[in-house]
Asks: 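This is the structure I want to talk about, given as structure tokens.
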Amino acid sequence: MLSNRMEQAINDQMNFEIFSANIYLSMVSYFEDRGLPGFAAWMRAQYKEEIFHAMKMFDYILGAGGRAKISAHDAPPQDWESPLAAFENALEHEKVVTGRINGLMDLAQQEKDHASQIFFQWFVSEQVEEEANVGDIVSKLKLVGDGGALFMLDRDLGTRVFTEPVE
Ligand code: FEO
């Protein structure tokens, strides 16, 4: 059983995950337009991962007897100055998500909601990975610049496939 405050907070984060998904979906379109299908494929996998995060929260709320409520979302950006700018945006966004997940964990601890603490533990670990993966690509983009190596990186990133984690 979730407290009203906890239920509201998880709903807010579930909607923020959908907003995250929309940002990355917008980046899919941007990268396709730039002729970088590998970057687009990477972002498509990221989009699916965010929807998975949102659905994990959606199902958790329902499983705890609560109501999952879908709200309106801000429109995501549609253009970036460069692939590097897009990935820097993604990294900043993931840092915001990490802060929000930590805040949810703090709330679960304050409320002595042990089930939610266990639930959010998965997201705490996931955010370490999310920031590391995006940060790694930001570093590579800074190294390669706009030259031919960008196309090699595009080929590398195109190999990413999202598979739902088995729990
Ligand atoms: Fe769902 Fe990228 O955090």
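Numbering of residues begins at 1 and proceeds along the displayed sequence. All ligand and atom numbering here is 1-based and tracks the order in the structure. Fair warning: this is a prediction, and the values are worked out from it, not measured in the lab.
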Asks: Closer than 3.5 angstrom, by distance alone: can the side chain of Thr98 be matched with the main-chain N or O of Glu94 as a donor-acceptor pair?
Replies: yes

Asks: Are Phe16 and His53, when compared by the centres of their aromatic rings, separated by less than 6.0 Å?
Replies: no

Asks: Between Gln8 and Asp12, do the side chains contain a donor N or O and an acceptor N or O under 3.5 Å apart?
Replies: yes

Asks: I would like to know whether Glu126 and Lys56 meet salt bridge (Lys or Arg N to Asp or Glu O under 4.0 Å); could you show each step before the answer?
Replies: CA-CA 13 Å; Glu126 175 74 357; Lys56 207 170 160 69; over 6 Å; no

Asks: Just grab all the side-chain hydrogen bond (donor to acceptor under 3.5 Å, both in side chains) pairs involving residues 64-77, residues at least two apart or on different chains.
Replies: Asn15-Ser71, Asn15-His73

Asks: Using a cut-off of 2.8 Å, how many protein N, O or S atoms lie below it in distance from atom 2 (Fe) of ligand 1?
Replies: 4

Asks: Report yes if the distance between the aromatic ring centroids of Phe87 and Trp42 is under 6.0 Å, otherwise no.
Replies: yes

